[in-house]
Enquirer: 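Handing you a structure now.
Labels below follow one simple rule: chain letters A, B, ... track the order of the sequence lines, proteins then strands, and each chain is numbered from 1. Everything numeric here is computed off the predicted structure, so don't read it as measured data.
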There are 2 protein chains.
Amino acid sequence: MTVTKDGGPVDLLYLKSFLEVARCQSFTKAAENLGYVQSSVTAQIQKLENEYGVMLFERYGRSMRLTSAGEQLRDTFEQIVNMYEDSKRLISRQVKGHLEIGTIESLMAFFLPPLFHRFLQSFPQINLQVNPLIHANIFQLVKTGELDLGIILDRPVEDEDIEAIPIRREPLVLVAEPGHRLCLADRVGFAELDGQSLIVTEQGCTYRAAFQRLLGEHGVTYHIHHEFGSLEAIKQCVAYGLGIALVPRIAVARELEDKRLVALPFTHSDITFYTQIVHHRKKWLNQAVRHMIKLLTDAGTGGEQAYNEKSRSTKS
Amino acid sequence: MTVTKDGGPVDLLYLKSFLEVARCQSFTKAAENLGYVQSSVTAQIQKLENEYGVMLFERYGRSMRLTSAGEQLRDTFEQIVNMYEDSKRLISRQVKGHLEIGTIESLMAFFLPPLFHRFLQSFPQINLQVNPLIHANIFQLVKTGELDLGIILDRPVEDEDIEAIPIRREPLVLVAEPGHRLCLADRVGFAELDGQSLIVTEQGCTYRAAFQRLLGEHGVTYHIHHEFGSLEAIKQCVAYGLGIALVPRIAVARELEDKRLVALPFTHSDITFYTQIVHHRKKWLNQAVRHMIKLLTDAGTGGEQAYNEKSRSTKS
DNA sequence: GCGTTTCCATCATTTATTTCGATTACAGTC
DNA sequence: GACTGTAATCGAAATAAATGATGGAAACGC
């Protein structure tokens with residue numbers, strides 16, 4: 001028996017686009033909401049219209065409304081899309097597998113845990129392995145494919161093999177103990193840092209390196225008092241007045257609130273770091289990985305928009 | 001509000017492919033039934049599998065079976081596909097519009113009527129206009145876009161602007177009245193035709209032209225006794241013994257059965273004609289037109305396979 | 001009335017995906 | 001152990017999609 005395919009290709013996403021256009025009464029708004037440009041949505045609707053051989057929307061000058069055919073299809077499409085998405089949820093809850101992520105301590109301790117928690121609600125059966133690593137290793141392991149995903153803190157990354165998705169801008173702050181003399185200054189520049197004791201993260205940390213480079217360029221003499229792999233240790237040492245440290249704000253948010261540490265009004269224009277997801281361009285992203293990326297990007301865009309990019313939700 | 005699209009593109013046709021594979025328990029058979037090559041179906045299923053993050057089929061050496069996830073999805077997919085196709089039927093029944101076809105008398109009289117009837121059951125509101133034309137005009141009008149579709153009888157067509165879809169091989173037969181002396185021969189070659197009276201179709205008919213050319217090449221002298229635009233007239237004249245005629249078998253199927261005419265055992269290897277749909281390559285084919293093409297090709301492949309091509313059901 | 005804005009359609013270009021065909025890999029059969 | 005039928009893989013060609021830019025038509029402001 002022959003099963004004929006009487007019709008051209010119709011993507012399930014077109015149905016979603018259709019529904020969104022119907023809801024917004026606007027191609028442009030729908031496109032924005034869906035993360036397309038307007039002409040793409042137009043094209044998708046046209047595909048649907050041609051597939052059905054009918055106009056789906058009556059276009060008046062400014063406003064628009066569904067044609068009767070469009071009206072009839074709306075419910076059907078809604079049902080189809082719902083069934084499809086329900087089925088995805090149903091299956092994803094049962095998905096087993098590995099997802100191996102590498103990230104730096106700063107993020108692992110403060111930004112990621114709630115997201116991982118949410119992820120595991122959708123994919124409870126996934127064996128999620130999160131490795132605390134230093135920057136260079138993350139990059140390397142993603143490149144060789146040993147990690148599915150890396151989450152790093154760095155300046156914008158350009159690499160042949162690696163796709164980097166900026167999640168959010170990560171402000172770095174210079175912290176000191178509340179009694180530190182620099183706390184009294186209403187502005188801390190490089191001059192004021194001269195001769196200070198620094199407490200820094202381990203070698204290979206991108207923001208440490210950038211900071212030291214800057215200090216060097218400005219001729220600041222400084223003294224590295226301690227070098228730790230542990231953020232907790234750094235914070236403790238700063239709190240005990242052993243020196244000052246440059247850390248991601250998110251890592252000291254609580255301490256700043258508690259007034260156990262103070263952010264110095266340090267003005268440096270050049271260091272902007274971004275939390276970024278990195279993955280190998282050629283490696284296939286399955287549903288679970290894509291879901292993780294989506295969680296991360298959504299969590300990020302709650303804050304500042306990641307560099308200037310219109311961060312498309314998921315796009316391998 | 002932002003509607004996130006969490007998932008890659010999934011074509012509705014993939015779901016059909018999935019169902020067919022599940023039904024056939026075989027990628028290869030499913031591919032044949034669907035009009036794909038095997039590797040395409042494999043790729044489609046892999047896409048689905050990646051989208052859901054699960055294997056859908058357990059592949060054993062020879063046999064295969066659905067995984068539990070596949071089993072769960074089967075019903076959902078079936079429902080989705082049914083809803084989708086029902087919606088297409090629902091809408092197509094309401095589609096209004098024109099569909100203008102040009103064809104030659106031989107086909108219009110014997111092959112097409114039942115197909116047009118079926119077409120109008122699906123698209124009762126379409127204004128279907130069928131114009132009886134001669135070959136050259138059909139070609140010309142399709143080329144200029146004045147006809148949506150042409151249905152012709154010709155040898156394989158190659159043209160820059162025109163896409164020709166072979167429907168079926170159309171045998172031509174040389175008919176005579178039952179009492180004709182050539183009926184007694186067990187083989188009629190060009191030699192036997194020498195001096196015969198021919199009754200032919202109008203100028204511009206492709207098979208008439210081909211036949212005359214052949215006769216000329218073989219040095220056959222003949223006498224054109226009548227030249228008609230009407231097949232009915234030709235058949236009548238042949239029946240009354242005014243001469244013999246070369247016509248498409250389908251045009252005289254009934255008369256041959258009734259023994260009112262006789263097919264001479266004429267052996268000519270060179271003339272193979274095909275019933276073909278022609279349409280302009282660049283012209284958009286809406287649902288109604290595609291449906292018509294599908295009806296025609298399906299009707300055709302009931303007979304002999306059209307030239308050597310694996311005639312894909314619809315492919316603009 | 002006339003420019004301006006807003007919104008959709010269209011176009012060309014780039015980019016990605018799909019399809020095919022050929023080949024490889026593998027298991028069951030003879 | 002060669003053979004057959006079946007699925008996966010790979011490269012190339014065909015096809016489709018997304019984008020950014022352009023054009024046109026209706027509503028809006030003045």
Enquirer: Please determine, for the side chain of A/Ser26, which listed nucleotide (C/dT19, D/dT19, C/dC8) has the closest atom?
Expert: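 Shortest atom-to-atom distance from the side chain points to C/dC8.
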Enquirer: With a 4.0 Å limit, can you tell me whether A/Gln46 has a side-chain N or O closer than that to the phosphate oxygens OP1/OP2 of C/dT10?
Expert: yes
Enquirer: Rounded to whole angstroms, how far apart are CZ on B/Phe27 and P on C/dG21?
Expert: 19 Å
Enquirer: What is the distance from CE of A/Met64 to P of C/dT6, rounded to the nearest Å?
Expert: 18 Å
Enquirer: Just to be sure I understand the rule, does B/Phe57 reach a base, reach only the sugar-phosphate, or reach nothing, if contact means heavy atoms closer than 4.0 Å?
Expert: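 Answer is nothing: B/Phe57 stays at 4.0 Å or more from every strand.
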Enquirer: Does A/Thr42 make a side-chain N or O approach to OP1 or OP2 of C/dC8 shorter than 4.0 Å?
Expert: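 Checking A/Thr42 against C/dC8: no side-chain N or O falls below 4.0 Å of OP1 or OP2.
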Enquirer: May I ask you to decide if B/Ile151's main-chain N or O and B/Thr103's side chain share a donor-acceptor pair within less than 3.5 Å?
Expert: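 Confirmed, B/Thr103 side chain pairs with B/Ile151 backbone.
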Enquirer: Check side-chain hydrogen bond (donor to acceptor under 3.5 Å, both in side chains) between A/Glu58 and all other residues, then give those that pass, not counting sequence neighbours.
Expert: A/Tyr60
Enquirer: What nucleotide among C/dC20, D/dA7, D/dA18 has an atom nearest to a side-chain atom of A/Tyr36?
Expert: D/dA18
Enquirer: Whole angstroms only, please: what is the CE-P distance between A/Met55 and C/dC8?
Expert: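 Atom-to-atom, A/Met55 to C/dC8, this comes out as 14 Å.
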Enquirer: For B/Lys143, what residues pass the side-chain hydrogen bond (donor to acceptor under 3.5 Å, both in side chains) criterion, not counting sequence neighbours?
Expert: B/Asp159
Enquirer: When every nucleotide of nucleotides 22-30 of chain C is labelled 5' to 3' by its protein contacts under 4.0 Å (heavy atoms), B for base, S for sugar-phosphate only, - for none, what sequence of letters results?
Expert: -----B---
Enquirer: Kindly write out the residues that satisfy side-chain hydrogen bond (donor to acceptor under 3.5 Å, both in side chains) with B/Arg93, not counting sequence neighbours, or none if the list is empty.
Expert: none
Enquirer: Rounding to a whole Å, what distance do you find between A/Gln44:CD and C/dT10:C1'?
Expert: 16 Å
Enquirer: Residues two or more places apart in sequence or in another chain: which of them pass side chain to side chain contact (heavy atoms under 4.5 Å, CB included) with A/Gln25?
Expert: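 A/Met64.
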Enquirer: Under the side-chain hydrogen bond (donor to acceptor under 3.5 Å, both in side chains) rule, collect the residues that match up with A/Asp75, sequence neighbours excluded.
Expert: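 If we apply the side-chain hydrogen bond (donor to acceptor under 3.5 Å, both in side chains) test to A/Asp75, skipping adjacent residues, there are no hits.
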Enquirer: Which sits closer to the 5' end of DNA chain C, A/Lys29 or A/Asp11, going by the nucleotide each is nearest to?
Expert: A/Lys29
Enquirer: Write down the distance between CZ (A/Arg65) and C1' (C/dC7), rounded to a whole number of angstrom.
Expert: 18 Å
Enquirer: Ignoring backbone atoms, establish whether A/Arg59 has a side-chain N or O less than 4.0 Å from OP1 or OP2 of C/dC7.
Expert: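 A/Arg59 to C/dC7 OP1/OP2: no side-chain N or O under 4.0 Å.
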Enquirer: Can you see whether B/Phe27 has B/Arg59 sitting over its ring - NZ or CZ less than 6.0 Å from the centre and within 45° of the normal?
Expert: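 Verdict for B/Phe27: no cation-pi partner in B/Arg59.
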Enquirer: Take the protein atom CD of B/Glu32 and the nucleotide atom P of D/dT6, then report the distance between them rounded to whole Å.
Expert: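 After rounding, the reported distance stands at 9 Å.
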Enquirer: Without decimals, in angstroms, what is the distance between B/Leu48 CG and D/dA8 P?
Expert: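 So the two atoms are 13 Å apart, to the nearest Å.
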